[in-house]
Amino acid sequence: MHDPRALLDPGTEAVRRLARRGYTLDVPALEELLSSRNAGIKTADDLRAESKKLAAEVGKTAKAGGDVSALKERARQIKDEIKQAEEGVEQKAADLREWMLSIPNLPLDSLPDGFSDEDATEIRTWGTPPEFDFTPLDHVDLGERTGILDFARATKLSGPRFRVAKGAGAALERGLVSFFLDTHIREHGYTEFAVPHLVSPTALVGTGQLPKFEEDLFRTSAGSRDLYLIPTAEVPLTNLHADEIVEPGELPLAYTAWTPCFRSEAGSYGRDTRGLIRVHEFEKVEMVRICAPDQSQNELEKLVGHAEALLQKLGLAHRVILLAAGDTGFGAQMTYDVEVWLPGQNAFREISSCSDCGQFQGRRANIRTRTEDGKREFVATLNGSGLPIGRTVAALLENGQQADGSIVIPEALAKYTGFSTIHADGKTD
RNA sequence: GGAGGCGUCGCCUAGUCCGGUCUAUGGCGCCCGCCUGCUAAGCGGGUUUGGGGGUUAUUCCCCAUCGCGAGUUCAAAUCUCGCCGCCUCCGCCA
């Protein structure tokens with residue numbers, strides 16, 4: 001969310017910057033709304049001041065035995081006027097808030113122009129895609145042939161876009177979770193959390209999924225409660241400090257959590273319908289960093305480095321791209337995507353998205369810290385996948401496949417799975 | 001789900017029965033100053049948060065805020081109703 005005054009400050013260049021992501025800011029309308037709201041506040045405040053004076057006068061006069069009926073009559077009139085003024089202010093304040101909540105974050109000027117992933121800038125690549133002297137299969141064929149993935153039965157249970165993993169497939173998922181968490185905790189300095197997977201609408205407003213993107217979420221209701229399944233652990237992790245002031249000495253905070261993620265995938269009919277790439281429910285280890293606003297760019301570099309480190313330990317070729325201004329997510333001011341090489345698709349595919357949200361979420365969730373001179377300011381927040389389990393399984397299967405139908409598991413992970421080869425029949429050793 | 005208790009400006013706390021003198025008491029902590037070889041103690045002052053207005057050098061004025069919301073009243077921390085959270089006990093449950 002933005003501070004309306006900051007948006008109207010010419011120095012912010014909000015109109016130009018929002019235009020880069022296709023958002024047109026109506027400055028005159030915003031000026032009008034803000035100033036009429038403020039005028040309403042002044043009117044109501046002044047009336048209340050008068051009302052308080054009258055009440056005190058009534059008390060005094062009554063004590064002295066005077067006649068208070070005229071004073072009371074005037075006080076009742078003011079009360080009506082206050083009510084009227086307040087109703088106007090409330091309406092305008094609600095309109096203003098709704099508007100502010102719907103405006104995306106300002107992209108940084110360092111981002112490339114454009115609106116699609118084709119406009120992204122490639123930052124660096126790591127590793128070499130494996131060469132095969134046979135036609136590599138994709139992870140769906142590999143998983144079904146070895147019997148470690150079962151999409152047909154997942155559909156029987158829950159419909160399309162779910163997965164069942166069996167035997168080595170399930171063990172692979174569990175091993176990856178431990179491997180990712182251990183690396184972040186022991187080598188990257190993160191604190192592990194276990195968090196609720198159902199959260200309140202308020203939490204989702206805090207991180208920006210609501211009110212605009214409700215159709216992407218799974219909503220639950222039980223009794224009078226209204227809870228949503230989390231689309232990412234970013235939501236509970238970031239909101240841990242909602243309505244708090246985090247002392248500067250505690251920053252930066254580095255949090256990680258392993259959770260399921262639930263996404264309705266509305267509007268993606270026909271895209272990645274096969275396999276693990278786009279499903280309604282997947283496991284993910286998420287990283288969240290919270291820092292002073294002037295540190296967010298440094299922190300973003302660390303964050304993306306932590307995601308890359310996992311792929312490097314697994315020996316998976318990947319590249320880092322800087323998303324174009326118009327392709328960057330609603331809450332982010334800058335996003336690096338890490339893309340892993342998928343031989344089955346003969347392409348790099350997104351496996352991690354690392355975003356610097358600046359103070360955008362901090363303001364929405366009311367997470368603050370203090371400046372050197374003790375003033376309160378909103379923190380900056382960052383989040384990145386580190387990493388999603390399903391997409392990593394897909395990458396491991398496709399990159400590790402051998403001519404004999406077996407799959408070789410990287411050494412770093414074998415310590416966690418207890419096997420280093422999945423044979424064509426699904427057995428391991 | 002049922003019964004009871006509690007919720008006050010960082011922490012603790014007075015005030016709530018009986019509405020106006022609450023501009024919310026006191027202590028602790030913290031900040032500034034005085035005193036002082038130094039430190040402590042002592043003394044004096046300050047210390048909720050959010051918003052609006054005027055000035056823009058500072059500063060000043062106003063409004064809201066006693067868990068949240070509604071109501072009664074000229075006037076609510078105080079009375080009424082609803083809700084939320086926490087604690088204790090009971091029921092149910094993995």
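The chains referred to below are lettered A, B, ... by the order of the sequence lines, with proteins before strands, and numbering in each begins at 1.
- Taking a pair as Watson-Crick or G-U with both hydrogen-bonding distances under 3.5 Å, the stems of three or more pairs touching RNA chain B are B:1-7 with B:84-90, B:10-12 with B:26-28, B:29-34 with B:42-47, B:49-53 with B:60-64, B:67-71 with B:79-83.
- Residue pairs satisfying the side-chain hydrogen bond (donor to acceptor under 3.5 Å, both in side chains) criterion with at least one member in residues 29-43 of chain A, sequence neighbours excluded, are listed as follows: A/Lys42-A/Asp46.
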Review item, side-chain donor-acceptor pairs of residues 166-181 of chain A, under 3.5 Å, at least two apart:
from     : atom 1 : to       : atom 2 : distance (Å)
A/Glu173 : OE1    : A/Arg163 : NH2    : 3.0
A/Glu173 : OE2    : A/Arg163 : NE     : 2.8

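- For residues 188-211 of chain A, no residue pair satisfies the salt bridge (Lys or Arg N to Asp or Glu O under 4.0 Å) rule, not counting sequence neighbours.
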- If a protein heavy atom is under 4.0 Å from the base, mark B; if only from the sugar-phosphate, S; if neither, -; do that for nucleotides 52-57 of chain B going 5' to 3'. SS----
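- The ring pair (Phe, Tyr, Trp, His ring centres under 6.0 Å) contacts involving residues 29-49 of chain A comprise nothing, where partners must be two or more places apart or lie in separate chains.
- With sequence neighbours excluded, no residue satisfies side chain to side chain contact (heavy atoms under 4.5 Å, CB included) with A/Pro196.
- Evaluation of the side chain to side chain contact (heavy atoms under 4.5 Å, CB included) rule for A/Arg74 yields A/Glu50, A/Leu54, A/Gln77, A/Ile78, A/Glu81 as partners, not counting sequence neighbours.
- Sorted by first then second residue, the side-chain hydrogen bond (donor to acceptor under 3.5 Å, both in side chains) pairs that include residues 240-250 of chain A, not counting sequence neighbours, are A/His241-A/Glu244, A/His241-A/Tyr255, A/Asp243-A/Asn366, A/Glu247-A/Arg370.
- Residue pairs satisfying the side-chain hydrogen bond (donor to acceptor under 3.5 Å, both in side chains) criterion with at least one member in residues 231-240 of chain A, sequence neighbours excluded, are listed as follows: A/Thr232-A/Lys284, A/Glu234-A/Gln361, A/Glu234-A/Asn383.
- With sequence neighbours excluded, the residues that form a side chain to side chain contact (heavy atoms under 4.5 Å, CB included) with A/Pro252 are A/Arg289, A/Cys291, A/Glu299.
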- Can you give one letter per nucleotide of nucleotides 70-80 of chain B, going 5' to 3': B for a protein heavy atom under 4.0 Å from the base, S for sugar-phosphate only, - for none? ---BBS-----
